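See below for the structure under consideration.
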Amino acid sequence: MRIQILFSLLAASTLFLHGENASVSPGVRYLMSPYQSSAAPHHAPATDQRSDDRTEYLPLLVRVENETSPLPDFATELHRRGSIVICTVPADRLTELASAMGVRRLEAHAASIPQMADARMFCNLPEITDISVSDNTPYDGTGTVVGFTDVGFDPNHINFLEEDGTPRVKKLVNYTTDSPRPTILTSPDDIRRWTTDDDGESHATHVAGILAGSSSTSNMRGMAPGAEIVATTSPLYDAMMLAGCEEIIAYAKSAGKPATINISVSSDIGPHDGTTLFNRYMESLTEDATVCISAGNEAKRSGFASGTTSAQVPGVRTYFREYPNLMPLYLHGTVDIWSDTPEPFDVNILTQNFSTGEINRIPVPFDMAAGQFEWLLCSDNVNPGDIPVIQMPEYIDGYIHIVAELNPENNRFNVALNCNYTDISTDDPDKANVLFGVEAIPPSPGTVVELYSTPKIFFTRHHDRAEGSLVPTSARAVNDFCSGDGPICVGALNSANSFTGINGQPIDFQAKLPPDDVSYFSSYGTLSDGKILPDICAPGAQLVSSLSWPYCDSNPDYPQKLATIAIERDGRTDYWGPMQGTSMSSPFVAGVTALWLQANPELTGKEIREIVLNTASVPTVNTENPQWGHGILDAAAGLKIARSLAGSGSVSVTENDKPLIKLSGQMLTVALAKSAISEVRIISTDGRTVYSHSGNGEDQINIDCSSFHSGIYILDIYGGSGTRVCTKIAIN
């Protein structure tokens with residue numbers, strides 16, 4: 001039966017944001033929309049629930065005209081790097097900010113969230129205990145600061161206390177939308193009195209235990225138990241997370257110590273080209289700290305689709321279902337569509353008959369020149385405000401909000417669909433009426449169209465097998481926060497798969513987590529610019545770590561079923577239990593890099609990333625699986641390189657002075673792209689200098705490698721004006 005769609009196109013006499021000067025991302029448009037009963041991300045904690053009688057302060061990333069351009073008085077500036085500002089703004093004044101003098105761009109997005117004794121045996125971590133700082137003192141992160149930005153942290157778990165009960169957390173920062181500024185605690189007494197930012201979450205407590213837990217119980221120490229801890233928590237807006245990073249860096253600078261930051265949250269939508277304000281701000285942060293970010297847990301979800309148009313196939317399309325239960329009756333999340341050109345493309349909302357496969361098209365009449373860049377496909381009970389409306393089929397309750405823009409940061413046309421709808425005609429999935437979908441039709445053949453979705457959505461063809469119907473994949477359903485330069489993108493491998501609970505019952509994951517293999521869920525992908533993600537893999541399934549006491553107290557069944565350790569003290573019980581995810585592997589790597597910074601505190605975050613990549617080891621299981629990225633973290637090799645580089649200046653790998661390397665037979669020829677060479681060193685992965693040559697400004701140096709053993713080496717090149725390049729080479 002053909003589906004009849006009624007159109008109610010309401011003429012838009014004015015722009016939704018009248019008089020705006022700044023470009024506004026789709027994420028900000030959604031926050032401005034009158035149908036939004038809540039501006040919080042779906043995982044906002046119970047302590048941050050909305051009420052109608054208070055002001056909401058929304059966190060934003062704002063690009064201003066120049067680094068001195070002020071924000072209007074109603075916006076609270078938290079931090080600034082160059083022309084990008086982190087701020088909070090009253091929710092009802094977003095329109096004013098968009099039209100304020102000097103404001104050029106607004107972006108906002110809510111990220112998605114989320115046994116140590118065994119995990120510590122991986123990645124050559126035990127070898128670090130054989131290397132002493134001095135006087136037989138092992139590396140444990142002493143002299144460094146580790147921090148995180150997350151949700152659900154319990155600072156009073158015994159894992160984060162000194163032996164005398166003093167908090168190891170030196171600074172606690174909590175952001176909410178109730179206030180334009182965060183709560184900042186720095187005194188031990190204030191931190192002791194803090195319970196948690198969210199008693200419905202334990203994520204941050206588990207992550208922090210892997211990063212820096214110090215409890216000796218059952219060898220449950222984290223990677224950097226000697227480090228000072230800075231905890232930042234929030235509802236996980238991107239701006240709040242970056243602001244948390246700034247607070248960690250500020251503490252580290254005040255203490256005169258290097259910093260490592262972990263971010264175990266992800267964003268699956270976005271351009272994946274490193275151009276967002278988040279990506280650019282993050283790149284600047286890695287000059288001041290090492291930052292590890294989880295790759296994501298979407299390797300089994302077909303959350304990416306891409307196609308190139310042609311004269312024969314002028315448009316591409318896909319359809320949506322709820323993940324992971326394949327439910328066609330409802331959908332909640334965002335579909336993000338990017339072309340590789342600035343040309344606006346036509347958009348159709350599709351309905352595919354669930355039983356017959358018959359397709360109906362609902363044209364979305366964008367007119368960018370006239371300022372009509374958003375439409376709302378919605379049911380009668382949704383308040384559209386001034387947004388033009390297309391009527392939903394009568395059996396669908398909810399909306400699809402479609403927003404278009406030419407993104408000024410990358411000059412690519414972008415259309416995003418914010419979906420929240422339910423088929424109210426049936427509860428039987430087999431009797432669903434339609435699958436919704438979207439079709440993009442660019443004006444020029446040869447246009448590449450990429451589609452990404454948030455975790456609750458997977459793409460499907462269902463009955464549609466005609467040309468232009470895209471084959472979805474899990475490749476590139478990887479964290480957009482890792483797309484830019486600077487942070488370390490971390491995937492997960494399987495380190496442990498069975499445990500015994502405190503109730504004596506087995507907790508078994510052996511069927512899904514074969515030992516030493518890459519974790520089935522670990523996200524990956526090769527981006528359009530050729531960048532391979534993840535950068536590195538480390539233990540992420542399953543890891544036992546600390547659990548939040550407020551969470552366990554509110555959910556008493558959880559520790560009884562899944563906790564593996566329980567310690568009673570001072571009227572409370574501290575628990576440890578297993579979790580899996582790249583959320584767990586990322587703090588593993590972050591903690592290891594803190595040990596490297598203990599050895600060489602002068603290294604920048606970008607330099608640490610180069611060491612991670614240059615010392616990665618080759619997997620021994622499923623070696624061709626692209627989920628491995630560049631390989632497995634080698635903690636010992638990285639530490640030795642960090643030690644060998646200590647006291648010898650900074651390392652830089654820049655586009656302006658890439659190394660030119662040629663190995664012909666046994667002769668290695670080395671040159672720099674734009675400067676002469678003053679010195680060359682070759683360092684083995686055990687930290688020994690096997691070759692050294694001080695030149696007189698030669699354009700190139702020839703090195704006889706016939707006496708070298710086959711293997712991986714670090715090539716350390718000094719050029720003019722203090723230039724230094726460090727890269728990995730293989731000699732056979």
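Because the structure is a prediction, the values reported are computed rather than measured.
In this structure Asp154 satisfies the salt bridge (charged side-chain N to carboxylate O under 4.0 Å, His left out) test together with Arg572, sequence neighbours excluded. Partners of Tyr558 under the ring-ring contact (aromatic ring centres under 6.0 Å, His included) rule, at least two apart in sequence or in another chain, are Tyr551.
Of all heavy-atom pairs spanning Ser554 and Asp199, the tightest one is OG-OD2, 3.6 Å. Of all heavy-atom pairs spanning Ser25 and Ala108, the tightest one is OG-N, 3.7 Å. Across Gly333 and Ile457, no two heavy atoms sit closer than the pair C-CD1, 3.7 Å. Between Gly577 and His206, the shortest heavy-atom contact is O-NE2, 2.9 Å. Listed here is the closest heavy atom pair of Arg280 and Thr275: CD-O, 3.6 Å.
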Checklist entry - Between Phe436 and Tyr421, does a ring-ring contact (aromatic ring centres under 6.0 Å, His included) hold up when you go through it step by step? => result CA-CA 10 Å; Phe436 280 100; Tyr421 57 79; 4.8 Å; yes
Checklist entry - Which is it for Glu374 and Tyr30 under the side chain to side chain donor-acceptor pair (under 3.5 Å) test, yes or no, and what are the steps along the way? => result CA-CA 10 Å; Glu374 63 179 332; Tyr30 298 147; over 6 Å; no
Item to check | side chain to side chain donor-acceptor pair (under 3.5 Å) evaluation trace for Asn262 with Ser586 | outcome: CA-CA 7 Å; Asn262 182 74; Ser586 184; 2.6 Å; yes
Checklist entry - Can you check side chain to side chain donor-acceptor pair (under 3.5 Å) on His401 and Ser33, steps first, answer last? => result CA-CA 9 Å; His401 186 181; Ser33 301; 3.3 Å; yes
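For Thr582 and Asn297, the side-chain atoms include at least one donor-acceptor pair closer than 3.5 Å. A donor-acceptor contact closer than 3.5 angstrom is absent between the side chains of Asp197 and Asn174. If you check the side chains of Asn407 and Glu409, you find no donor sitting under 3.5 Å from an acceptor. A side-chain donor-acceptor contact under 3.5 Å links Asp336 and Asn414.
In this structure a side-chain-to-backbone donor-acceptor pair under 3.5 Å is missing from Arg317 to Leu350. Between the side chain of Thr473 and the backbone N or O of Ala475, at least one donor-acceptor pair lies under 3.5 Å. Checking side-chain atoms of Trp628 against main-chain N and O of Asn622 turns up a donor-acceptor pair under 3.5 Å. Checking side-chain atoms of Ser585 against main-chain N and O of Pro539 turns up no donor-acceptor pair under 3.5 Å. Formation of a donor-acceptor pair under 3.5 Å by the Lys531 side chain with backbone atoms of Cys482 is found in this model. Between the side chain of Ser523 and the backbone N or O of Gly296 there is at least one donor-acceptor pair closer than 3.5 Å. A donor-acceptor pair under 3.5 Å links the side-chain atoms of Thr205 to the main chain of Gly152, judged by distance alone. In this structure, Ser264 contributes its side chain and Ser583 its backbone to a donor-acceptor pair below 3.5 Å. Between the side chain of Asn279 and the main chain of Asp480, a donor-acceptor pair closer than 3.5 Å is present.
Electrostatic pairing of Lys300 and Glu298 does not count as a salt bridge here, judged by no charged N lying under 4.0 Å from a carboxylate O. With respect to the salt-bridge test (charged N to carboxylate O, under 4.0 angstrom), the residues Lys606 and Asp485 do not qualify. With respect to Asp340 and Arg412, no salt bridge is recorded, no charged nitrogen being found less than 4.0 Å from a carboxylate O. A salt bridge links Glu450 and Arg476; the closest N-O separation between the charged side-chain nitrogens and carboxylate oxygens is under 4.0 Å.
Distance check: Asn494 CG to Leu513 CG gives 4.5 Å after rounding to the nearest 0.5 Å. How far CG of Asp634 is from CD1 of Ile611: 12.0 Å, rounded to the nearest 0.5 Å. Taking CD1 of Ile261 as the start and OG1 of Thr149 as the end, the distance is 9.0 Å to the nearest 0.5 Å. Leu633 CG to Ser617 OG: the interatomic distance, rounded to the nearest 0.5 Å, is 7.5 Å. Atom CD1 of Ile359 and atom OG of Ser469 lie 7.0 Å apart (nearest 0.5 Å). Atom-to-atom distance recorded for Tyr319:OH and Thr460:OG1 is 9.5 Å, nearest 0.5 angstrom.
Between Thr318 and Arg461, every side-chain heavy-atom pair lies at or beyond the 4.5 Å cut-off.
For residues 447-479, the pairs satisfying ring pair (Phe, Tyr, Trp, His ring centres under 6.0 Å) are His272-Tyr452, Phe304-Tyr452, Phe354-His462, with sequence neighbours left out.
For Asp427, the CG atom is loosely surrounded, since the number of other residues' heavy atoms within 6.0 Å does not exceed 12.
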